[in-house]
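Okay, structure first, notes after.
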Amino acid sequence: MIAYVKGQLAEKYEDSVVIEQGGVGLCILIPASLSDRLPPCGSEVKLHTYLYLREDGMSLYGFLAREDLAIFRLLLTVSGIGPRGALGILSTVTPDNLRFAILSEDAKTIAKAPGIGVKTAKKLIIELKDKLDLSEALELSKEHKESADTEHIGTVRAEAVEALTALGYSAAESLSAVKKVEITEEMTVEKLLRAALKNFN
């Protein structure tokens, strides 16, 4: 059992990545929704994984959060849904939205996934509803939102500092100017840049 893979992100595609570890490139299948959340190629990344063995080969599926892997494994307990089907669902519906869809018996949202009709979606809800907890789903959603907001702010700040450095300011001056600006979740790099430039006057 491979619990997780940690290494350099060598290649990134819409539905898979290659992580180099010890001179070996591991191809890991991922939900399409995960691709945009991954760091640039060359960065270190850690994916929680599920190894699927068949007579004709093996496949490795990866997720950034342990909770996302858990919902993937839960989907596999539904008769008629294999790893590809589960990955298709998580590529269409985020893990947080999937939990809420199951708990609220929203079959239409789940049925948007490729190869999953309303009948299968209803069956999925019946089999998994009692295995999920609403308070836990709300807490996970809150944690993920806070994490995404923090990540967004960090990215905007880094890009603004990089842009100021390109304009000829030193890294220290750029960082100091950016730090004086109160950054919100809605702020873009352009808005932060304009606000930071005022600190040089």
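Both backbone and side-chain heavy atoms feed into the values below; hydrogens, waters and symmetry mates do not. If you're wondering where the values come from, they're calculated on a predicted model, not measured in any experiment.
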Short question: side chain of [X], backbone of [Y] - any donor-acceptor pair under 3.5 Å?
| X | Y | result |
| --- | --- | --- |
| S35 | A32 | no |
| D106 | A101 | no |
| S43 | P39 | no |
| S33 | T94 | no |
| S16 | K12 | no |
| S91 | L87 | yes |

Under a single-linkage definition using a 4.5 Å side-chain heavy-atom cutoff for Ile, Leu, Val, Met, Phe, Trp and Tyr, are [X] and [Y] assigned to the same hydrophobic cluster?
| X | Y | answer |
| --- | --- | --- |
| I28 | V18 | no |
| F63 | V78 | yes |
| I2 | L34 | yes |
| L26 | L53 | yes |
| Y52 | V17 | no |

Distance, nearest 0.5 Å, that separates [atom1] of [X] from [atom2] of [Y]:
| X | Y | atom1 | atom2 | value |
| --- | --- | --- | --- | --- |
| K6 | Q21 | NZ | CD | 10.0 Å |
| L124 | I116 | CG | CD1 | 7.5 Å |
| D15 | L29 | CG | CG | 6.5 Å |
| L9 | C41 | CG | SG | 4.5 Å |
| L128 | I110 | CG | CD1 | 8.0 Å |
| D130 | I125 | CG | CD1 | 12.0 Å |

Apply side-chain contact (heavy atoms from CB on, under 4.5 Å) to residues I102 and K131 and explain how you reach the verdict. CA-CA 10 Å; I102 293 170; K131 297 180 181 179; over 6 Å; no
Provide the closest heavy-atom pair for [X] versus [Y] in the form atom of the first, atom of the second, distance.
| X | Y | value |
| --- | --- | --- |
| G62 | P31 | O-CD, 3.7 Å |
| L193 | A160 | CD1-O, 3.7 Å |
| P95 | I71 | CB-CG2, 3.9 Å |

Is there a side-chain contact between [X] and [Y] (heavy atoms, below 4.5 Å)?
| X | Y | result |
| --- | --- | --- |
| V24 | E20 | no |
| L98 | L75 | yes |
| L51 | M58 | yes |
| S79 | K123 | yes |
| I30 | L47 | yes |
| L64 | H48 | no |
| I81 | I89 | yes |
| T92 | P114 | yes |

For the residue pair Y50 and F72, categorise the inter-ring angle as parallel (less than 30°), tilted (30 to 60°) or perpendicular (more than 60°).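 Aromatic pair Y50/F72 classed perpendicular.
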Worked verdict on R73 versus Y61 for side-chain contact (heavy atoms from CB on, under 4.5 Å): CA-CA 10 Å; R73 293 172 70 97; Y61 297 82; over 6 Å; no
Decide if atom [atom1] of [X] counts as having more than 12 heavy atoms of other residues, nucleotides or ligands within a radius under 6.0 Å.
| X | atom1 | value |
| --- | --- | --- |
| E14 | CD | no |
| K108 | NZ | no |
| Q8 | CD | yes |

So E159 and E190, side-chain contact (heavy atoms from CB on, under 4.5 Å) or not? Walk me through it. CA-CA 10 Å; E159 290 184 6; E190 290 75 16; over 6 Å; no
